[in-house]
Amino acid sequence: MKFSSSCFAAVMTTMVTTANSFSFVPSKMLTYQDKDVASGSYCTSKWPSSLQMVATNDILNERDTSDMGGRRKKTKQERLELASKGLQVHVVGLSIHHASVDVREKSSIPEAEWNAASRKRCSTGEVAEAAVLSTCNRFEVYYAAAEPREAMARVTKYLAQISGLPMLLLRQNLFVLSGDDAVWHLMRVSGGLDSLVVGESQILSQVRQCHLHSIESDGSGRKVLSRMLNNAVAAGKHVRSETAISKESVSVPSAAVELSEMKSVPDSQIQFSEARLAVIGAGKMTRLLITHLASRGLERITIVNRSLTRPKELQEQFPDVDVQIKLMDDLWDVIGQSDIVFAATSSEEYVVSEALLEENALAGGRPLMLVDICVPRNIAEDVKKIPNLFLYNVDDLKAVVARNTAMRQREMIEAETLLMEEANAFIGWRESLSAIPTINQLQEKANQVREEELQKCTRKLNGSNLSEKELEAVERLSRGIVNKLLHGPMSHLRRSDSVEGKQNAVKELSAMFRLEEEGDKNARRRR
């Protein structure tokens, strides 16, 4: 088949293509600070970010636009502009480093409700993806959004609602991280570096559950957030397999055992080895408590629980320990006969309080130590009013774990290096998504030019009596040439390894094909 020179020239014209501009603004550097409990000093690292680690008034006071009636549907151009911005990841929450237990427990929710809370955050449109992580030491909402101010206002309002805290008090305890800082925070959480007990393994399991819930049918962690959580789980596993960060590490239950051993003589006037011990609850924390107590030569302990199933399982797991099982009806008899009582239930209500102790004639007698390792707490703060009663909670464990943190400084540095690799891998992947709108617009413009030139060529060929098949062949040829010509620039855009490389590649394409000029022309036409 023969083609006229004008037809071939028309097809070749598609080399000149344009698209809307896509620009990157270099992020400013934010110092991420992590306090060393042992020394009181801060371990700082520079990390690019766009938001400070504080809850600013203008963000927290952002007006709730969802209460103003129906939302206006975005135009195609507005959706394209949002897509070009990409979804940035953020985290807002309360942690043991910034909020006391009496604040954290008000926001705590059980794992079974994580997905429902995430769906509610995404229901109004400001938040595109969300995932909740609620543990003894933290309540954090990870989310992805194109417009951070609106999303931040929505998530912060949610925290105020579920906690019932005044906004002023919430601001004083809240932490906010955005962009790369949010990614780095999650990596450190999963690696056990942000935990009260550095290197503890339980948080990795909790982050893994957060990821698994986010990808469930009723979860809200889609492309971006689920990828970040999955990377965080991989990072946590990598750190624990390649460093000694979790070897012989202290856990919350082991720290509680060490604290009670340290305080038994000054508080209860009795040697720890001779103390009568009891624990309320029979879950994972109780199993860990018995494990650490057994390592100290424990021979007998009483478990108080609502049912017999789990306590009997613990009896079988610890055949060398005399495990006595009592139901909750016998709670006050057990407390009256014990020197040290650990509370480790999943109850959201107080199990022990001043009024209940007085009601059961257990107030003001011989010394009694209560160690509450739960959030929400199982033991009311008012029991401290009772003479000879000594109460400790998870916030009191900081002094105990300080030695553990000091001993792990070398492992922490090694772990941060590995975590940085995983964080950079996710950031690189996320930045690659930012090139997709540019690629789509480039293809759109190329096709537009191709069609315009093909129409001109077709008009000239009307007298050549070309059949429909021949015209289709011309069109296929034009498409093939356009695709081959665009393959190189688009491959270069996708292949850029670093974040800076991707940004530069987009700028190069913008300059090469005069994308900004074409975008301005389209904007003037729309006006």
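It should be emphasised that the depicted structure is a prediction, and the values quoted were computed from it without experimental measurement.
In this structure, NE2 in His238 is found 5.0 Å from CG in Leu418, a value given to the nearest 0.5 Å. Taking OG of Ser268 as the start and NZ of Lys263 as the end, the distance is 11.5 Å to the nearest 0.5 Å. The OG atom of Ser273 lies 8.5 Å from the CD atom of Glu261; values are rounded to the nearest 0.5 Å. Atom CD1 of residue Ile335 and atom CG of residue Leu362 lie 6.5 Å apart, to the nearest 0.5 angstrom. Expressed to the nearest 0.5 Å, how far CG of Asn378 lies from CG of Asp372 amounts to 5.0 Å. The CZ atom of Arg287 lies 8.5 Å from the CG atom of Leu314; values are rounded to the nearest 0.5 Å.
Identified under the side chain to side chain donor-acceptor pair (under 3.5 Å) test for residues 350-367, with sequence neighbours left out: Asp339-Arg366. Residue pairs satisfying the salt bridge (Lys or Arg N to Asp or Glu O under 4.0 Å) criterion with at least one member in residues 91-100, sequence neighbours excluded, are absent.
Contact detail for Pro110 and Glu348: the closest heavy-atom pair is CD-OE2, 3.6 Å. When all heavy atoms are compared, the tightest approach of Ala145 to His90 is O-NE2, 4.0 Å.
Side-chain atoms of Asn115 come within 3.5 Å of backbone N or O of His213 as a donor-acceptor pair. At distances below 3.5 Å, not a single donor-acceptor pair connects side-chain atoms of Glu414 with backbone N or O atoms of Thr417. Remark: side-chain polar atoms of Ser241 are paired, donor with acceptor, to backbone N or O of Lys237 under 3.5 angstrom. With hydrogens and angles ignored, the 3.5 Å screen pairs a side-chain donor or acceptor of Arg104 with a backbone N or O of Ala99. Although no hydrogens or angles enter the test, the distance criterion places no donor-acceptor pair under 3.5 Å between the side chain of Arg430 and the main chain of Gln88.
Asn424 and Glu422 share no donor-acceptor pair across their side chains, judged by distance under 3.5 Å alone. A donor and an acceptor atom, one from each side chain of Asp102 and Ser100, are located under 3.5 Å apart.
Side-chain contact between Leu204 and Arg240: present, with at least one pair of heavy atoms (C-beta onward) separated by less than 4.5 Å.
When each of Leu298, Leu293, Val265 is paired with Phe272, the side-chain contact (heavy atoms from CB on, under 4.5 Å) condition holds for Leu293 and for no other.
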